[in-house]
Amino acid sequence: MRRPVIGICAALEPARWGVWSLPAVLLPADYLWAIQRAGGLGVMIPPDAALVENPGELLDRLDGLILAGGCDIDPAVYGAEPHPRTQGTVPERDRSELALVREAIARELPVLGICRGMQLLNVARGGTLTQHLPDHVGHEQHRRNPGTFDGSEHDVRLDAGSLAARAIGAAHHEVRSHHHQAVDAIGDGLVVSGRSALDELPEAIELPSVRFALGVQWHPEADPASRVIAVLVEQARQHSAGAVPASG
């Protein structure tokens with residue numbers, strides 16, 4: 001049986017390996033391993049200017065789309081001035097991913113946004129972001145140890161019957177997160193379906209008007225027990241087969 005093809009958007013970052021120091025398209029391997037464990041075929045998607053005008057060129061070849069974590073989104077995309085702590089923006093990545101997710105939603109291709117990807121899903125629907133959480137919530141608990149998920153666990157509460165709760169399989173869930181930005185004004189048609197037990201910060205958003213479009217602020221790929229990516233792969237398998245997916 002053909003594996004469902006899951007496109008996952010990758011970062012464009014400076015990197016060093018061996019004797020080389022060059023711009024690189026990269027992605028933590030945990031994302032790809034989680035897709036593979038679930039029976040999917042993961043394909044990394046680099047920023048590509050041509051996709052801004054014609055995202056269907058790629059989406060025609062995919063059964064599902066994951067928007068991965070990574071650098072801050074350029075505030076200009078949602079009409080804001082940059083905060084001093086907003087760093088590492090890559091506008092060409094933003095443009096490619098915004099075009100892809102908007103067209104994927106129009107096609108009802110299954111979409112999962114993770115961390116930055118949840119924020120990008122919100123921005124794609126006209127929403128905005130809080131650029132530096134400690135200024136708003138008064139603590140650093142959403143990114144306790146920069147560069148690692150060690151000690152990052154906290155609980156989220158999910159709305160009963162929501163896509164997020166069905167995908168996770170529970171109404172309360174311990175998650176691993178690493179972020180300093182978050183969803184602020186909610187984008188058109190999206191609903192908040194999960195909140196942090198720490199401070200009520202939005203932790204899950206979804207788009208009820210399509211079959212599967214979910215954003216989670218945490219990192220399921222960092223948790224081998226998480227079923228979130230496996231649910232996305234199953235939705236992609238059913239989409240490929242032409243079936244109406246069950247929500248989780």
For the residue pair [X] and [Y], what are the closest heavy atoms and their distance?
{"X": "Ser162", "Y": "Ser193", "result": "CB-CB, 3.7 Å"}
{"X": "Gly194", "Y": "Leu158", "result": "CA-CD2, 3.8 Å"}
{"X": "Arg107", "Y": "Gly56", "result": "NH2-CA, 3.2 Å"}
{"X": "Val228", "Y": "Pro220", "result": "CB-CB, 3.9 Å"}
{"X": "Cys115", "Y": "Gly69", "result": "CB-CA, 4.3 Å"}
{"X": "Ala10", "Y": "Leu27", "result": "CA-CD1, 4.1 Å"}

Counterpart residues, side-chain contact (heavy atoms from CB on, under 4.5 Å), relative to [X] (two or more places apart):
{"X": "Ala197", "result": "Asp155, Arg157"}
{"X": "Ala104", "result": "Leu59, Leu65, Leu109, Val111"}
{"X": "Ala38", "result": "Ala230, Val233"}

| remark: Under a side-chain separation threshold of 4.5 Å, the hydrophobic residues clustered together with Leu26 are none
| remark: Note: with side-chain heavy atoms under 4.5 Å as the link, the other cluster members for Val19 come out as Trp17, Trp20, Leu22
What about [X] and [Y], same hydrophobic cluster or not, with Ile/Leu/Val/Met/Phe/Trp/Tyr joined at side-chain heavy-atom distances under 4.5 Å?
{"X": "Met44", "Y": "Leu12", "value": "yes"}
{"X": "Leu120", "Y": "Ile66", "value": "no"}
{"X": "Ile186", "Y": "Val101", "value": "yes"}
{"X": "Leu62", "Y": "Leu51", "value": "yes"}
{"X": "Leu121", "Y": "Tyr31", "value": "no"}

| query | Considering the options Ile114, Leu207, Ile168, Leu163, which one meets the side chain to side chain contact (heavy atoms under 4.5 Å, CB included) requirement together with Leu214? | reply | Leu163
| Do you know which of Asp72, Asp135, Thr130 makes side chain to side chain contact (heavy atoms under 4.5 Å, CB included) with His180? | Asp72
Heavy-atom donor-acceptor pair, [X] side chain to [Y] backbone, under 3.5 Å:
{"X": "Arg211", "Y": "Pro110", "result": "no"}
{"X": "Arg227", "Y": "Ala167", "result": "yes"}
{"X": "Asn122", "Y": "Thr128", "result": "yes"}

Nearest 0.5 angstrom please: [X] [atom1] to [Y] [atom2], how far?
{"X": "Asp74", "Y": "Leu98", "atom1": "CG", "atom2": "CG", "answer": "10.0 Å"}
{"X": "Glu108", "Y": "Gln235", "atom1": "CD", "atom2": "CD", "answer": "11.5 Å"}
{"X": "Met118", "Y": "Ile205", "atom1": "CE", "atom2": "CD1", "answer": "4.5 Å"}
{"X": "Ile8", "Y": "Glu221", "atom1": "CD1", "atom2": "CD", "answer": "7.5 Å"}
{"X": "Leu112", "Y": "Leu67", "atom1": "CG", "atom2": "CG", "answer": "8.0 Å"}
{"X": "Leu32", "Y": "Ile6", "atom1": "CG", "atom2": "CD1", "answer": "11.0 Å"}

| request: May I have all residue pairs that pass ring pair (Phe, Tyr, Trp, His ring centres under 6.0 Å) and include part of residues 62-88, sequence neighbours excluded? | output: His83-His132
| query | Could you give all pairs that pass the ring pair (Phe, Tyr, Trp, His ring centres under 6.0 Å) test and reach residues 183-209, with sequence neighbours left out? | reply | none
[X] side chain near [Y] side chain, heavy-atom distance below 4.5 Å:
{"X": "Arg125", "Y": "Ile105", "answer": "yes"}
{"X": "Gln131", "Y": "Thr86", "answer": "yes"}
{"X": "Gln217", "Y": "Gln119", "answer": "yes"}
{"X": "Ile35", "Y": "Ile229", "answer": "yes"}
{"X": "Arg93", "Y": "Cys71", "answer": "yes"}

| request: Run the numbers on His239 and Phe212 for side chain to side chain contact (heavy atoms under 4.5 Å, CB included), then give the verdict. | output: CA-CA 10 Å; His239 178 88; Phe212 192 93; over 6 Å; no
Just to verify, what does [X] make a side-chain hydrogen bond (donor to acceptor under 3.5 Å, both in side chains) with, not counting sequence neighbours?
{"X": "Ser96", "result": "none"}
{"X": "Arg2", "result": "Asp63, Ser240"}
{"X": "Glu13", "result": "none"}
{"X": "Arg116", "result": "Asp94, Glu97"}

| query | Is there any salt bridge (charged side-chain N to carboxylate O under 4.0 Å, His left out) pair reaching into residues 25-50, and which pairs are they, with sequence neighbours excluded? | reply | none
